[in-house]
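Counting starts at 1 for both ligands and their atoms, in listed order. In this chain, numbering begins with 1 at the start of the sequence shown.
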Amino acid sequence: MEYRFSEIEATIQAAWRKENIYKVEEDAAKPAYYVLDMFPYPSGAGLHMGHPLGYTASDIFARYKRLKGFSVLHPMGFDAFGLPAEQYAIQTGQHPAETTRINSERYRKQLDRIGFSFDWSRQVVTSDPSYYKWTQWVFSRLFEYYYDTKEEKAKPIKELIAHLEKFGTKGLNAYSTTAPEIDNVTWNQYDEAAKSNFLMHYRLAYLGESMVNWCPELGTVLANDEVSEGISIRGGYPVIQRKMTQWCLRISAYGERLLKGLEDLEWTDALKETQRNWIGRSEGAELHFQVQGTDKDIAVFTTRIDTIYGVSFLVLAPEHELVDTITTDSARAEVNAYIADTKRKTERERMADRRISGAFTGAYALHPLTREALPIWIADYVLAGYGTGAVMAVAAHDTRDFAFARHFNLPIRQVICADGEEPTSTSGWEDAQTAKEGHLVNSDQYNGLSVKEATQQLLDLVEEKGIGKRRITYRLRDAIFSRQRYWGEPFPIYYKDHIPHLLSNDKLPLELPPIDSYKPTKEGIPPLGRAKNWCTEEGYPFELSTMPGFAGSSAYYLRYMDPHNEAALVGKKANEYWRHVDLYIGGTEHATGHLLYSRFWCMFLYDLGLVCEAEPYRRLVNQGMIQGKSCFVYRIKDTNRFVTLSQKDKYETTAIHADINLVKDGCLDIEAFRAWRPEFENAEFILEADNTYHCGTATEKMSKSMYNVVNPDDVIDQYGADTLRLYLMFLGPLEQSKPWDTKGIEGVHRFLKRLMGLFWKDEEWIVTNEKASSESYKTLHKLIKKVGEDIESISLNTAVSAFMIALNELSEQQCHSTEILEPLLIVLSPFAPHLTDWLYRKLGYDSSIVVAEWPKYDESFLIESEITYPISFNGKVRFKLALPADSSKEQIETAALSSPEAAKWLEGKTPRKVIVVPGRIVNIVI
Ligand code: ANZ
């Protein structure tokens with residue numbers, strides 16, 4: 001029987017649609033299981049191989065759990081807001097909603113062709129007003145809440161206001177890194193604007209000033225990865241650092257919980273570590289240094305208070321608010337020039353830059369213990385947004401301070417010495433001594449104390465003296481939440497006398513207004529500034545920026561639980577049934593973005609009692625990248641001649657990507673290449689002896705710009721979706737990046753063809769109801785066990801190999817018995833759902849294999865009756881011997897020594913020793 005995959009897959013997909021087979025309900029009689037994929041951004045390019053890789057793995061898992069009797073939530077949707085649709089709108093005038101609709105439809109078709117078991121009735125599209133209503137709603141709650149540091153949870157801002165009215169900030173347990181202390185008299189005298197400003201120090205969604213990458217030409221803020229060396233990646237325009245008032249989310253308040261929550265998650269250690277580093281918890285102290293001759297003081301954050309006697313200068317971030325005040329007239333010109341210089345660099349570039357630079361402010365600060373005058377410098381290695389934006393420089397024990405001191409000829413003073421060693425002159429040092437152990441030297445009464453003891457004593461001392469306090473700092477920054485763009489969620493905020501107010505819940509969603517152009521205005525006003533009547537009924541203007549990409553993806557997994565609920569983001573009943581995502585599969589690129597933001601949203605909603613669990617994603621698996629095989633042609637420099645691969649090193653050549661579709665078996669279709677790149681129409685191609693042009697190849701990221709994209713549709717046309725699915729899994733472990741290589745695909749395709757051979761001989765149906773041989777049972781039950789375990793551990797490539805082995809065995813055994821074939825189909829169905837469902841129905845079932853039951857394996861078939869022992873002489877394997885599996889040590893030894901083959905190697909000698917490991921090996925020492 002011919003394997004007519006196109007026909008089979010179309011038939012089965014039509015049946016699934018008709019039977020509405022993937023619709024899932026909260027079924028109290030079944031346990032719940034939630035398998036989630038990271039939803040795609042529907043770009044114009046369509047699906048690429050990276051999508052089906054992860055989606056197939058999660059689909060296998062979802063199907064498996066369904067067969068095991070779970071009610072499985074396996075939804076899909078679109079992360080539809082974003083820059084490409086907006087850029088396209090700017091170029092063509094087409095509304096991004098329209099572009100998004102067209103692209104999503106295409107994605108949906110492509111996904112359906114692969115046979116995923118998504119319940120599309122639960123689709124969530126982030127740009128759909130019925131969904132972004134809830135994104136706006138969560139933002140509103142964040143605006144209305146602050147973080148209580150004692151109860152360690154979010155609480156209504158109303159309660160904070162009540163406290164301020166009575167006591168001011170005294171006794172207030174509210175998280176803020178910026179709020180000044182005030183008394184209740186001051187608070188009560190504040191006017192509305194002052195109160196609003198003050199509360200911004202506490203709200204979880206607040207207007208705050210922060211440094212941003214501002215691109216004047218594009219009229220927008222750019223994320224760090226949209227900027228390279230001070231130039232925008234899109235468009236190539238200059239980008240500067242600018243302080244701007246933006247909406248921010250106070251994720252830093254949740255630093256400790258985000259850290260602790262990681263402990264119980266089934267994520268890889270690598271991913272947890274990435275989040276831990278990103279959160280970057282540091283224990284240390286904040287210390288105050290008085291600026292000489294003024295009443296100002298500079299707060300520094302240090303993790304090494306034990307080195308306090310080694311401080312020889314202070315360094316402020318160029319943006320530090322005191323820089324302007326303290327800079328002396330003679331230093332001003334140089335300081336200003338330096339500040340202008342740093343504005344051109346992004347923070348990441350500042351950290352990566354190894355060049356040493358800085359400027360002296362002309363001012364001095366007094367050492368809090370010795371009263372020594374220390375010069376105050378500014379330098380861009382100190383970041384404005386970390387700690388206090390100022391450091392006490394200990395050149396002898398900090399690498400960057402050391403380099404700085406050497407460069408500008410500042411004192412370097414050793415205060416920590418390794419135990420058993422004497423302090424040395426630092427002039428001979430090549431680098432700082434950064435070890436956090438040893439004892440103190442040159443530190444007055446602390447000399448001789450260990451680093452650990454001194455740290456505790458000094459912390460106590462500065463707290464007693466009131467010159468500092470213990471402090472924990474997180475590297476995690478609050479998230480900037482404003483984008484000067486059109487295609488995002490509008491903020492539910494309007495301004496009355498410049499004071500921001502929340503739009504009431506009953507006015508949500510606040511829908512994006514139509515506008516005539518998607519560009520920011522010349523004055524740098526965001527696109528929404530062009531909208532007519534973008535204001536409340538009373539005429540108060542709405543916020544002009546929109547929310548960033550991660551807003552919509554922060555709670556989408558909750559909406560899938562209850563997508564049509566009009567009264568809540570997610571209802572209690574649905575939430576308590578599904579609870580959390582049990583398995584989440586997606587790329588690592590979201591480790592510190594989406595995966596952190598959505599954990600924060602979830603914890604916040606948990607604090608409000610709106611969801612029943614604080615962590616959204618229980619088990620998380622990152623799929624690797626599918627790489628493409630790129631092809632190259634080699635052009636001799638400054639000529640119009642191309643040489644073939646073997647000749648390329650004889651000349652100075654440049655490699656040019658050729659579209660992989662123009663290359664067959666390593667050889668270029670020259671005419672097609674000429675048509676594709678008309679500038680090479682008249683080029684000369686110097687051929688190999690066999691009259692062909694050989695291309696070079698490389699394995700690179702699959703990408704349009706490298707012309708190496710393989711479209712899943714093409715593979716399905718040629719081999720069918722079941723082959724694609726099996727092959728994607730067969731390529732290797734899911735977590736590994738691996739090249740897409742069509743070489744092995746034939747083998748997988750042949751496997752499915754041969755599977756049909758168990759059912760038909762030519763056109764004759766050969767399945768019987770006769771009892772199968774015990775060998776066939778063994779094969780089957782081994783397979784059920786192996787595949788079940790492999791799916792649980794997401795080791796899907798080894799499961800595919802197991803199928804191949806089983807099929808070989810069953811073919812050899814000439815097994816055509818339903819007793820074996822039916823469970824075989826069920827076990828294979830998560831991988832190849834079309835063919836298995838089709839065959840299952842051929843076996844006589846009128847329902848889909850999707851609703852079948854996962855077969856149980858029977859241990860008694862798995863016990864091996866014989867074990868084949870490798871028999872070694874002096875460690876070298878000489879022959880093999882099959883023995884009953886339950887043989888004792890003595891029986892094994894006797895059998896090995898008395899076998900006729902053993903005589904040959906013993907040569908009549910008595911062995912000195914016989915080592916028997918039952919079930920494993922026998923080694924005879926002579
Ligand atoms: C004195 C000192 C002595 C320091 C020493 C280190 C070693 P982590 O552990 O990463 O949190 N620092 C503080 N604020 C900074 C800022 N805004 N930009 C750049 N560096 C800053 O690092 C904390 C240490 O980094 C602090 O401890 C401070 O230098 C520096 F032998 O203070 B230390």
| field | Asn409, CG atom: more than 12 neighbouring heavy atoms under 6.0 Å | value | no

| task | Check the pair Phe404 / Phe408 against ring pair (Phe, Tyr, Trp, His ring centres under 6.0 Å), numbers first and verdict last. | result | CA-CA 6 Å; Phe404 196 82; Phe408 291 109; 4.8 Å; yes

| What's the shortest distance from atom 24 (C) of ligand 1 to any protein heavy atom, and which residue and atom give it? | Thr303 OG1, 3.7 Å

| field | Shortest protein contact, atom 6 (C) of ligand 1 (heavy atom only) | value | Asp398 OD1, 3.4 Å

| query | What residue and atom, counting heavy atoms only, is the protein's closest point to atom 26 (C) of ligand 1, and at what distance? | reply | Phe301 O, 3.5 Å

| said: Looking at ligand 1, is there an atom of it that comes within less than 4.0 Å of some heavy atom belonging to Gly387? | reply: no

| request: Check whether any N or O atom of Thr388, backbone or side chain, sits under 3.5 Å from an N or O atom of ligand 1, and answer yes or no. | output: no

| task | For atom 19 (C) of ligand 1, find the nearest protein heavy atom and state the residue, atom name and distance (0.1 Å precision). | result | Tyr381 O, 3.4 Å

| request: On the 0 to 90° scale, with breaks at 30° and 60°, tag the Phe550-Tyr597 ring pair as parallel, tilted or perpendicular. | output: parallel

| request: Quick one: look up the protein heavy atom nearest atom 31 (F) of ligand 1 and list residue, atom name and how far away it is. | output: His397 O, 2.9 Å

| message | Side chain or backbone, does Ser282 bring an N or O within less than 3.5 Å of an N or O on ligand 1? | response | yes

| request: Any atoms of ligand 1 less than 4.0 Å from a non-hydrogen atom of Thr307? List them with their elements. | output: 3 (C), 31 (F)

| message | Are Trp247 and Tyr206, when compared by the centres of their aromatic rings, separated by less than 6.0 Å? | response | no

| task | With heavy atoms of Met392 as the reference, note each atom of ligand 1 found under 4.0 Å away. | result | 1 (C), 32 (O)

| request: Just need the protein heavy atom nearest to atom 15 (C) of ligand 1, so name the residue and atom and give the distance. | output: Val391 CG1, 3.4 Å

| Is the Tyr146-Tyr202 ring centre distance short of 6.0 angstrom? | no

| message | Does this structure show an ion pair linking Arg618 with Asp264, if we count only N-O contacts that are shorter than 4.0 Å? | response | no

| Basic-acidic side-chain contact under 4.0 Å: Asp148, Lys155 | yes

| message | Whether the side chain of His397 engages the backbone of Ile416 through a donor-acceptor N/O pair (distance < 3.5 Å, no angle test) should be reported. | response | yes

| Nearest to atom 10 (O) of ligand 1, what protein heavy atom do you find, and at what distance? | Arg475 NH2, 2.5 Å

| If you measure from the Lys or Arg side-chain nitrogens to the Asp or Glu carboxylate oxygens, is any gap between Arg257 and Asp607 under 4.0 Å? | yes

| Of all the non-hydrogen atoms in the protein, which one sits nearest to atom 1 (C) of ligand 1, and at what distance? | Thr302 OG1, 3.0 Å

| Counting from 1, what ligand 1 atoms have a heavy atom of Val382 closer than 4.0 Å? | 16 (C), 17 (N), 18 (N), 19 (C)

| remark: Min over Lys436, Arg281, Arg304, Arg400 of heavy-atom distance to atom 4 (C) of ligand 1 lands on Arg304

| message | For the CD atom on Glu334, are there more than 12 heavy atoms of other groups (residues, nucleotides or ligands in this structure) within a distance under 6.0 Å? | response | no

